[in-house]
Structures are given as structure tokens and as C-alpha cells.
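Down below is the structure, laid out as C-alpha cells.
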Amino acid sequence: MAVKKSNKLAQAAVLKQILKRCSSLGRKQGGGYDEESLPLDVPKGHFAVYVGENRSRFIVPISILTHPEFQSLLRRAEEEFGFDHEMGLTLPCDEVVFRSLTSMIR
């Protein structure tokens, strides 16, 4: 039982790091951002991810972060790209697969 709780705390910390990173992108880029440095085209409760070979941008709800399949994708993203880079949250996933995944879990 203690292992499960510890794992959930670790997951929560990673999710907070991801959200903080996604919401801080505007501070580095300028233009098209509100007074809180958030992109104007990203509604509250959502964040942007970049997917596929062409790094297509998708706006997804933060509720998706708790879904096991999306968390698996986040772990792969951390292994492949890390979370500390200028591009934003980049996911190692084909665009067609990502669209299919998000349509199933929304």
C-alpha cells in the first residue's frame, strides 16, 4: 500500500512539473499571450502539446493527464526528449495515433 501512495505522489509531482512547464512557455516567446503569459488560443484548463514528425500542435484538457495511456506517453516523452527544452511538451507519438488516443479518452 505504501508503494502505491509513493508512486501516486511521484506521478503528481511530474504532472505539476509538466503543467508548470507548459504554462511558462509564453514568458520566453512573446506575442499572442495574455497578461499572465499564457497563450491566447489555449483555454483555461487546457495545455498545448506537440506531436508527430512535423510537431503538430494540439490543445488538450488537463484532465487527460491522469489517464494511464497518456501517462505512459508522458514517460516515453521524458525518456526521449526530457521536459527541459524550448519546444514545449513534445510527445513521441505519430499524429494519427495521438488523435485516436485522445478521441478515445476524452
Side-chain angles (χ1 to χ4, degrees):
M1 186 69 118
V3 173
K4 269 190 175 180
K5 188 173 184 176
S6 175
N7 192 24
K8 285 193 180 259
L9 290 174
Q11 286 178 343
V14 169
L15 295 178
K16 284 181 183 179
Q17 176 188 7
I18 292 166
L19 287 175
K20 184 176 180 182
R21 175 78 180 128
C22 290
S23 66
S24 68
L25 291 175
R27 293 186 189 103
K28 297 178 182 173
Q29 296 174 355
Y33 294 86
D34 68 11
E35 63 278 354
E36 295 176 9
S37 298
L38 298 174
L40 293 173
D41 66 337
V42 178
K44 187 173 186 171
H46 292 73
F47 65 101
V49 295
Y50 298 88
V51 179
E53 213 172 281
N54 296 323
R55 301 292 189 251
S56 299
R57 186 171 185 253
F58 291 87
I59 308 299
V60 294
I62 59 172
S63 60
I64 202 171
L65 288 169
T66 59
H67 200 277
E69 282 84 3
F70 195 80
Q71 287 185 0
S72 175
L73 193 54
L74 288 174
R75 283 189 291 277
R76 285 182 36 218
E78 182 178 26
E79 289 170 7
E80 190 166 328
F81 306 115
F83 293 132
D84 189 25
H85 55 86
E86 296 296 319
M87 179 64 188
L89 182 56
T90 305
L91 301 175
C93 184
D94 184 65
E95 190 174 329
V96 173
V97 174
F98 182 77
R99 287 179 190 269
S100 176
L101 173 68
T102 56
S103 70
M104 288 185 336
I105 61 178
R106 282 189 181 184

V42 and R57 have their tightest heavy-atom pair at CG2-NH2, 3.4 Å
So CD of E53 and SG of C93: to nearest 0.5 Å the spacing works out to 13.0 Å
Here the gap from E79 atom CD to L74 atom CG, rounded to the nearest 0.5 Å, amounts to 11.5 Å
Decide yes or no for T102 and F58: does some side-chain heavy atom of the first lie under 4.5 Å from some side-chain heavy atom of the second?
-> no
Sequence neighbours excluded, the answer for ring pair (Phe, Tyr, Trp, His ring centres under 6.0 Å) partners of F70 is none
CG of L89 to CD of E78, rounded to nearest 0.5 Å, is 10.5 Å
>> With side-chain contact (heavy atoms from CB on, under 4.5 Å) as the criterion, how do V97 and V51 come out once you've worked through the C-alpha distance, each side chain's angles and the decisive distance to 0.1 Å?
In response: CA-CA 10 Å; V97 174; V51 179; over 6 Å; no
Quick check: do I59 and F47 have side-chain heavy atoms less than 4.5 Å from each other?
no
The reported gap from CZ in R55 to CG in L91 (rounded to nearest 0.5 angstrom) is 9.5 Å
Review point. Do L73 and H67 have side chains that get closer than 4.5 Å, going by heavy atoms?
Key: no
Across all chains, not counting sequence neighbours, the salt bridge (Lys or Arg N to Asp or Glu O under 4.0 Å) partners of E95 are R99
Exercise. Would you say the side-chain atoms of R76 pair up with the backbone N or O of P92, donor to acceptor, closer than 3.5 Å?
Worked result: yes
